[in-house]
Amino acid sequence: MSRHDTVIVGAGSAGCVLAGRLSADPARRMLLLEAGGEPPLGAVIPSDWPSLFNTGADWGFHTEPQAECRYRRIFWPRGRMLGGSGSLNAMIYLRGLPSDYDGWEAMGCPGWGWRDVLPDFLSSEDNRRFGSHPLHGTDGPLPVEDCPYRDEGETLWHDAAVAAGHPSNPDFNGGSQEGVGFFQLTTKGGERFGTKRAYLDPARERGNLTIETGVLVTRIVVEHGRAVGVEYLRNGRPERASADRIVLAAGAIASPHLMMLSGIGPADALKAVGVAPVHDLPGVGQDLQDHPAITLAFAAKCPIGLGALDGAGSFAEWQARRTGPRTSNWAAAGGHVATRPGIEPDLQLYGIASAHRDYGRFLYPDSGFTLFAVLQRPESRGEICLRSADPLSAPAIDPRYLSDAGGHDLATLVEGVRINRAIAAAGPLAGVLDHELSPSAECRDEAGIARHVRGHLASLYHPSSTCRMGIDPGNVVDPQSFAVRGLDGLFVADASVFPRMISANLNATVILVAERAARVLAD
């Protein structure tokens, strides 16, 4: 059995930040545990992240059958490698709206308002375009830059969106989020450059940091009200590590899953699957939120877009010079729109110059476009539950999409379909599109569009809020110390602590959480 000051469970976006920051103190003995291994080449080439779905670098989860989505089990990819889902994502850097964080503060998280978190965002950012702007940083470890490659089709989408009445926005992290434009990415030198590269790799030679890959953590060891270690499997054989502090950074699925396997969670639900409760904490696994998306695909009249690329030629260019189409993330063109007057943006849009659906597993044989509408502030709430006491069994993931009582989520996504059709019919994009593809093409009236949403809604794989921080009895984590309520020695610092979903891709905010936790835990 090994002994450490701090054990970090999970080497995803948060875990890499925590390991990099905390190991800077040479007196602290650190252990970082990760179920996966080194990221494959597909996690280095910016365009190739979809190729990792359903591979050894992906947990490949599916939800429980969704009652409001025609009982479909919806695919939830999650990264299983150093860098975690930050090595599997589209690398988009967005912070969300100031009201997201002011809302956190109002929910019982003092010190998490926009005025409080902005300096921490700036301290982690190294922005190559907006560095002189007061809302951007230049001295942080995380490179943020424009997408290195812009396809002609993406420009056509942007111009069509402007023609449809949406303002052009050069900086979604600037003074306003609303409008359309081009997202910035965490890339550098034509390669992915997330927290694995920015935080963990510079720390890997430190003698006080041990990184164990290919190990599956199965239980947090709790003795007399204190977390004292973790048990894990290496090549099927059990091992144990003891520590003064255990920090969960395994994400909004795995962190509550591990807590419940360890007897930390809703006691009655744990007993029902054969887990002996050691700490009754009803909020563990509850309040699951995600960004659901609906797509429309269109055929083009001529060869155009990223879907028309010569794969071998673009790969050769990337190998030789780290330039060209393979430095694209496929999803650089997009924006944020409000579905009705007087509200902040409630939909995120993407204009992808390739016709596909179902996470790229369906590819139209010719050129085309796929237009995404993503619900940013869902009302529906779900949960993560144990299927059994077996740590090798995947948890039951039930986001309960479209289950909100007022029907807000469905209505907003239906409006997103209308917004995207208006963009497709506008200006320069209309000139290159031939027709809308099935199955959405046949759905024209409101009832038909709603059936399309129910039948083809997908996850943008942004789970959050399953170990919410706050001060009311339903919360799990203290917003100041990151400590699990009622237990000593156990902390959580990942997307599971979000009090509520933010209006943006999650990666920048996960980094924010980890930076703040590292500062607290370093004291």
Side-chain angles (χ1 to χ4, degrees), residues 66-72 74 153 156-166 180 291-302 304-305 307 333-341 343 345-376 378-380 401-404 406-460:
Q66 295 299 287
E68 301 299 327
C69 298
R70 302 180 67 179
Y71 289 93
R72 293 180 299 121
I74 295 172
L156 288 176
W157 178 87
H158 168 267
D159 294 348
V162 171
H166 306 290
V180 295
H291 284 150
I294 190 65
T295 62
L296 306 176
F298 297 83
K301 297 176 181 177
C302 56
I304 191 171
H336 305 87
V337 300
T339 58
R340 60 187 188 276
I343 66 168
D346 56 349
L347 284 177
Q348 185 183 58
L349 305 181
Y350 291 92
I352 298 178
S354 169
H356 66 271
R357 66 172 183 266
D358 195 23
Y359 306 91
R361 289 180 284 192
F362 164 86
L363 296 174
Y364 182 64
D366 296 313
S367 298
F369 288 77
T370 303
L371 307 189
F372 278 68
V374 184
L375 182 64
Q376 293 294 277
E379 296 292 337
S380 301
Y401 291 125
L402 310 182
S403 65
D404 58 304
H408 162 272
D409 291 357
L410 177 61
T412 305
L413 287 169
V414 167
E415 186 60 26
V417 170
R418 294 194 185 101
I419 289 169
N420 274 329
R421 280 179 169 160
I423 292 173
L429 196 56
V432 300
L433 295 184
D434 186 66
H435 61 277
E436 187 173 337
L437 297 170
S438 293
S440 63
E442 292 78 20
C443 302
R444 308 309 301 184
D445 61 12
E446 182 156 349
I449 296 171
R451 285 195 298 272
H452 174 65
V453 172
R454 293 185 187 279
H456 296 275
L457 177 148
S459 171
L460 212 68

**Prompt:** Would you say K301 and D434 make side-chain contact, with heavy atoms under 4.5 Å?
**Reply:** yes
**Item:** Nearest heavy atoms of L371 and A424, plus distance in Å
**Value:** CD1-CB, 4.1 Å
**Fill in**
The ring-ring contact (aromatic ring centres under 6.0 Å, His included) partners of Y350 (sequence neighbours excluded) come to F183, F372
**Item:** Partner set under side-chain contact (heavy atoms from CB on, under 4.5 Å) for V162, not counting sequence neighbours
**Value:** H158, S168, V180
**Request:** Determine the minimum heavy-atom distance between D159 and P428, stating which atoms define it.
**Result:** CB-CG, 3.6 Å
**Message:** Taking the side chain as everything from C-beta on, heavy atoms only, tell me whether R72 gets closer than 4.5 Å to L457.
**Reply:** yes
Ignoring hydrogens and angles, write down the donor-acceptor pairs under 3.5 Å from the side chains of residues 292-300, residues two or more places apart or on other chains.
none

**Request:** Locate the shortest heavy-atom distance separating C443 from P439; write the atom from each residue and the value.
**Result:** SG-O, 3.7 Å
**Request:** Mind checking side chain to side chain donor-acceptor pair (under 3.5 Å) for R418 and listing every partner two or more places apart, or none if nothing turns up?
**Result:** E415, E446
**Complete:** The reported gap from CG in L437 to CG in D366 (rounded to nearest 0.5 angstrom) is 10.0 Å
**Message:** Looking at D409 and S380, would you say the former's side chain and the latter's main chain have a donor-acceptor pair under 3.5 Å?
**Reply:** yes
**Request:** Find the distance between OG1 (T412) and CD1 (I343) and round it off to the nearest 0.5 Å.
**Result:** 7.0 Å
**Prompt:** With sequence neighbours left out, what residues match R454 under salt bridge (charged side-chain N to carboxylate O under 4.0 Å, His left out)?
**Reply:** E68
**Item:** Side chain proximity check, W157 to L349, heavy atoms < 4.5 angstrom
**Value:** yes
**Item:** Value rounded to 0.5 Å, distance of CG in L429 from CD1 in I423
**Value:** 8.5 Å
**Asked** Taking the side chain as C-beta and beyond, is there a heavy-atom pair between L460 and Q348 under 4.5 Å?
**Response** yes
**Request:** For H452, enumerate each residue passing the ring-ring contact (aromatic ring centres under 6.0 Å, His included) test, keeping only those at least two apart in sequence or located in another chain.
**Result:** H456
**Set of side-chain contact (heavy atoms from CB on, under 4.5 Å) partners for A450, sequence neighbours left out** = L410, V414
**Prompt:** For Y364, what residues pass the ring-ring contact (aromatic ring centres under 6.0 Å, His included) criterion, not counting sequence neighbours?
**Reply:** none
**Prompt:** Residues in side chain to side chain donor-acceptor pair (under 3.5 Å) with Q376, at least two apart?
**Reply:** none
**Asked** Looking at residues at least two apart in the chain, or sitting in another chain, which of them share a salt bridge (charged side-chain N to carboxylate O under 4.0 Å, His left out) with E379?
**Response** none
**Complete:** Heavy-atom nearest pair, S367 first then C302, reads CB-O, 3.5 Å
**Request:** Please list, chain by chain and in numerical order, all residues satisfying side chain to side chain donor-acceptor pair (under 3.5 Å) with S403, sequence neighbours excluded.
**Result:** none
**Asked** Which atom pair, heavy atoms only, marks the closest approach of Y401 to S459?
**Response** OH-CB, 3.3 Å
**Contacts of R444 that satisfy side-chain contact (heavy atoms from CB on, under 4.5 Å) - sequence neighbours left out** = R421, E436
